[in-house]
Structure formats: structure tokens, C-alpha cells
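Just below is one structure, and these are the notes that go with it.
What you see is a predicted model; the values in this text were computed from it and never measured. Sequence lines set the chain letters: A, B, ... in the order given, protein chains first and strands last, and positions in each chain run from 1. Computed from heavy atoms alone, side chains included, the values below leave out hydrogens, waters and symmetry copies.
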There are 2 protein chains.
Amino acid sequence: MEQEGGIPRDSISNRVKKWISERILNGTYPPGHRLVELQIAHELKTSQGPVREALRELEASGLVESEPFKGTRVRQVSAREMQEAYQVRAFIEQHAAELAAFALRDNTSRLQSEIVAAHEAAEKGDIETFTRHKTVFHRQIVEASGNSILLRFWDALQFEIRSQVILSQEKFSPLEGEKLHQAIIDAFRNGNGKLAGRLLRKHLLGFADTIDSTHEASWVHAGRKSSTG
Amino acid sequence: MEQEGGIPRDSISNRVKKWISERILNGTYPPGHRLVELQIAHELKTSQGPVREALRELEASGLVESEPFKGTRVRQVSAREMQEAYQVRAFIEQHAAELAAFALRDNTSRLQSEIVAAHEAAEKGDIETFTRHKTVFHRQIVEASGNSILLRFWDALQFEIRSQVILSQEKFSPLEGEKLHQAIIDAFRNGNGKLAGRLLRKHLLGFADTIDSTHEASWVHAGRKSSTG
DNA sequence: CGAATATCGATTATCGATAATTTATTATTT
DNA sequence: AAATAATAAATTATCGATAATCGATATTCG
């Protein structure tokens with residue numbers, strides 16, 4: 001099957017995977033939505049095999065869930081699970097910061113530029129760009145830890161978290177964390193990984209604490225532009 | 001592979017998955033060994049689909065690796081990666097211990113019985129049983145943390161580590177850690193999660209330190225009985 | 001009427017065959 | 001003989017079709 005005007009260097013199942021995850025991420029397929037293999041296959045003019053493979057990979061990464069002979073649907077993450085995820089992320093980043101202290105000492109320019117970019121986006125009200133830069137900021141710290149397994153876990157967590165919801169909290173007070181991020185950078189500049197770690201942990205556990213079941217309604221699908229500027 | 005006698009209680013792809021992982025775990029398929037889809041399918045009297053699906057799941061859990069059109073082979077874990085894995089495991093268990101402090105206070109009987117069982121196995125020279133009970137001991141702590149994501153990560157790590165190698169170190173001095181495990185239990189009995197966490201962390205980082213590339217030859221495949229009983 | 005069961009439509013799980021791609025082998029040229 | 005091109009072999013990726021299973025509805029029997 002020849003690609004219609006696009007990049008042909010990707011397997012069909014991979015393209016299907018991207019296609020589906022895109023739709024889950026931007027809210028077209030809400031949690032609980034059913035994903036029928038042959039239906040998607042027909043829609044994408046391919047066969048059942050690649051679609052099935054894509055769904056199984058998405059299942060492995062936590063985006064969807066499936067039961068034998070019952071089918072696959074977009075996974076619904078509970079408030080409880082979100083709390084757990086933020087807790088795990090909190091101490092992953094704390095440890096990463098301690099491990100990354102040496103690598104980041106007097107080497108914070110990349111971190112700084114992400115914060116600057118995030119700040120600019122926040123002022124323009126571009127939540128999506130803001131969130132992206134803030135995410136890269138945190139990921140760079142885990143990357144600098146030099147522990148690839150830690151990074152893999154962090155990625156898995158991030159995928160799971162961002163796939164479903166973004167805390168409305170994060171949207172409505174984007175400038176709140178600015179000072180904190182600067183403090184984290186300063187700590188790294190001084191080679192104080194312990195401090196950076198404590199700050200990160202506190203920051204993230206703060207998010208975790210804002211999550212409870214009563215807030216479930218205030219979550220918003222990732223990628224959807226909030227109409228309330 | 002037979003199913004004639006009754007209702008097939010497990011899908012074919014799941015049985016294939018078990019069949020393959022069993023062979024990887026017991027060393028029949030060593031790291032680097034190539035896994036050809038149609039060849040396995042023929043050997044198990046099934047078709048390519050289920051085998052392919054099984055291999056993809058094993059890839060997701062880190063047991064094998066594959067490249068497009070090149071095929072799948074048993075993954076080789078480097079000394080470096082083993083170190084990283086033990087580091088991550090160390091601080092996962094440290095945090096789990098702190099979270100589990102409340103749940104385990106005056107509630108250590110299950111932990112205790114695992115240690116007793118491990119001790120008995122060690123005296124009989126039954127390394128496999130010893131290792132299994134020691135693993136359950138550690139897993140129970142993570143379970144008691146109440147954080148299911150933490151547990152999922154720990155399981156993934158364990159699968160990855162145990163799938164490939166067991167530190168010969170652990171085999172030759174099984175009684176070494178006995179006192180430490182008792183100390184951990186005592187800490188939990190007193191509700192001192194911080195202390196239990198520190199002990200666990202130190203214990204595991206100790207293992208991590210014994211790993212370096214010069215020791216690579218001393219690793220032994222999991223499941224293989226050492227002839228030097 | 002109501003519980004157990006047979007049937008139907010929808011969907012997943014599996015199969016056998018074909019196309020696409022890589023790797024190995026042979027032929028050709030310089 | 002070395003390098004390159006052409007061909008063949010092996011294997012993965014994909015396809016279209018069939019079998020197995022589930023859920024809902026209709027049907028039978030007490």
C-alpha cells in the first residue's frame with residue numbers, strides 16, 4: 001500500500017497507533033469510548049491486524065484497556081490513580097534531582113530556556129505550549145540523572161497522566177510555579193541536588209493533594225483548548 | 001500444545017507467551033537468541049498471529065527486543081542497566097517502606113513467615129525457593145504501600161531483572177541478609193518506616209555496587225541450578 | 001408469569017496466503 | 001581479486017476470510 005503523499009517510513013500499525021492516541025489525547029475518544037478493530041480498520045483503509053497490534057501497544061502503555069472477546073475501550077483513570085501517579089512522579093523527580101546534581105551544576109542553560117519559553121507562552125495564554133515546555137523542563141532533570149530506567153518509568157507515568165486529564169489547577173494558575181522553577185534552577189546552579197529534589201517533591205505532592213474525587217468534574221481533557229482563555 | 005481435553009481456558013497467544021517466557025527464564029533461549037515467528041508457530045502448531053502478539057507483549061515487558069523486518073531476539077541486559085535497575089528498585093522500596101509504615105505497624109506476621117520460609121530453604125540449599133520467598137518479602141512491602149503504580153513499576157523491574165540473571169552474590173551468601181531482614185521487620189513492628197526504608201535502600205544499593213562489567217561472567221541464568229551446590 | 005435455553009447479530013481471535021523488506025548468494029565488471 | 005550489481009532465500013508485515021465468543025433477544029416449558 002503506497003502512502004498518499006505522506007511519509008512512508010512508518011509501519012501501518014505505527015501510524016494507526018499514532019492516529020488513535022492522537023484522538024484519545026485531544027478528547028475525540030473520551031474515556032470509556034469503545035474501539036472496534038474492524039471499524040477502525042475500515043475507516044483507515046487497512047485490515048484488522050495492524051489495528052489490533054496498535055491497540056495492544058496502547059494497552060501496554062496504559063492508554064486503553066481490553067478484555068478477551070469483549071473488546072477495547074479508552075481507559076478511565078480514577079482520582080485515586082491520579083494521586084498515586086503524582087506521588088510516584090514526585091519521588092522519581094526528587095531522586096533524579098539528587099542524581100543529576102553533578103551533571104547540571106553550572107549547566108542549567110537548557111533548563112532555563114525551557115522556563116523562559118514556558119513563561120512567554122503563559123503570558124500569551126497558550127496553555128498547550130506552556131505545558132509542553134514545563135514538561136520538557138521536568139523531563140530534562142530526569143534525563144540528566146543518567147538513569148535510563150528512571151526515565152522510562154517517568155515517561156510511562158507522563159503518558160498515562162497527560163493522556164487523560166490535566167489538572168485544571170495547572171491551567172488557571174500557570175504563573176504560580178514560576179518562582180519555584182527558578183528556585184529549582186538556582187539550586188542546580190549551586191550544585192545543591194538535595195534542595196532541588198525537595199523543591200520538586202513538594203511541588204508535585206502539592207498537585208497530588210489538590211486531587212480528590214470531588215474535583216473529578218473539573219478535569220479537562222488534554223489538548224482541548226479551554227474556551228475561558 | 002494440547003487443548004483437546006477441555007475448554008481452552010487461556011487464549012493461544014497467552015499460552016505462547018508463557019511458553020516462550022518460560023524458555024527465556026530457564027535459559028533455553030539465551031540472550032541474543034533469535035525468535036522466528038513462523039518457526040515458533042509451526043512448533044506450537046498454531047499460526048503466525050498469536051506468536052507475533054505474544055512476542056510484542058514480551059517486548060513491552062522488556063524480555064525481548066525487535067526491529068522492523070529484522071525480527072525479534074532475547075534481550076541482553078548490560079551491567080550498566082542492571083546497576084540502574086537495582087538503584088531504582090532501591091529507592092522504590094525505600095519510599096514504599098515509608099508509605100507502608102502505618103499498614104505494617106504491629107502487622108508483620110506475613111513478612112515474618114516469608115523470612116522464616118526463606119531461611120529454611122537456604123538451610124536446605126534450595127536457592128530457588130529461598131529466592132522466591134525473599135522476593136515475596138520485598139514485594140509485600142511495596143504492596144503494603146498502597147500505591148498500585150509503585151507496585152506495577154516494581155513488578156516490571158523485577159521481571160526485567162529476574163528474567164535475565166541472578167547475581168551470583170545472592171546465591172553464595174544467602175544467610176548474609178538474614179539479620180538485615182529481621183532488622184527491617186523490627187523497624188516496621190515499631191512503626192519506624194523511615195528506618196525500614198533506609199535499611200532496604202542500603203541493602204539494595206549494596207547489590208547494585210557489586211555489579212560491574214568485570215562480574216558479567218559470574219552471572220547465572222535464572223532458573224538454572226548451579227552445579228556447585 | 002418467570003426461569004432456563006435457543007438463536008441472532010456483532011466483534012474478537014485465529015488462520016492461511018500474499019506482499020514487502022532484509023539478508024545472503026551469485027554473477028558481472030573493472 | 002575487489003567491488004558492485006543482480007538474484008534468490010528467509011522472514012516480517014499485511015491482508016481477507018473463517019471460527020469462537022459475547023450480549024441481547026426471542027422462545028420454550030414449567
Here's a test for you: under side chain to side chain contact (heavy atoms under 4.5 Å, CB included), which of V142(A), I149(A), I141(A) qualifies with W154(A)? V142(A)
Using side-chain heavy atoms (C-beta onward) and a distance below 4.5 Å, is L151(B) in contact with D155(B)? yes
Nucleotide N/O of nucleotides 23-25 of chain D paired with protein N/O under 3.5 Å:
none

Rounded to whole Å, the CD-C1' distance (E67(B) to dA13(D)) equals 15 Å
Whichever of P68(A) and L38(A) has its nearest DNA chain D nucleotide further upstream toward 5': L38(A)
Expressed in angstrom and rounded to an integer, what is the separation of Q39(B) atom CD from dT12(D) atom C1'? 14 Å
Does E67(B) form a side chain to side chain contact (heavy atoms under 4.5 Å, CB included) with T72(B)? I'd like the steps, not just the answer. CA-CA 7 Å; E67(B) 285 197 86; T72(B) 305; over 6 Å; no
Can you find a pair of side-chain heavy atoms, one from V74(A) and one from P30(A), that are under 4.5 Å apart? no
Any side-chain donor near an acceptor of the partner, N147(A) and S145(A), under 3.5 Å: no
Atom pair distance, as rounded to whole Å: CD in E65(A) and P in dT12(C): 14 Å
State whether W19(B) and R23(B) meet the cation-pi test: NZ (Lys) or CZ (Arg) under 6.0 Å from the six-membered ring centroid, and within 45° of the perpendicular axis. yes
Round to a whole Å and report the spacing from CZ of F69(B) to P of dA13(D). 6 Å
Let's go through R75(A) and E81(A) carefully: what are the C-alpha distance in whole Å and the side-chain angles of both, what is the deciding distance for salt bridge (Lys or Arg N to Asp or Glu O under 4.0 Å) to 0.1 Å, and is it a yes or a no? CA-CA 12 Å; R75(A) 200 157 77 88; E81(A) 204 170 344; 3.1 Å; yes
What does the list of N/O pairs under 3.5 Å between the protein and nucleotides 8-10 of chain C look like, with a distance for each?
none

Are L150(B) and L99(B) packed together at the side-chain level, in the sense that at least one heavy-atom pair is separated by less than 4.5 angstrom? yes
Looking at side-chain heavy atoms only, is the closest gap between L157(A) and V88(A) below 4.5 Å? yes
Residues touching DNA chain C, which here means a heavy atom under 4.0 Å, drawn from residues 46-56 of chain B: T46(B), S47(B), Q48(B), P50(B)
Starting at atom CZ of R73(B), determine the distance to atom C1' of dT11(D), rounded to an integer number of angstrom. 13 Å
If you measure from the Lys or Arg side-chain nitrogens to the Asp or Glu carboxylate oxygens, is any gap between E53(B) and R56(B) under 4.0 Å? no
Taken to the nearest whole Å, CD/E37(A) to P/dA19(D) is 19 Å
Quick one: which of E93(A), E143(A), Q158(A), E114(A) gives a side-chain hydrogen bond (donor to acceptor under 3.5 Å, both in side chains) with H138(A)? E93(A)
Within this structure, what is the CG-to-P distance between N14(A) and dT12(D), rounded to whole angstrom? 17 Å
Distance check needed: dT14(C) P versus I40(B) CD1, whole Å only. 16 Å
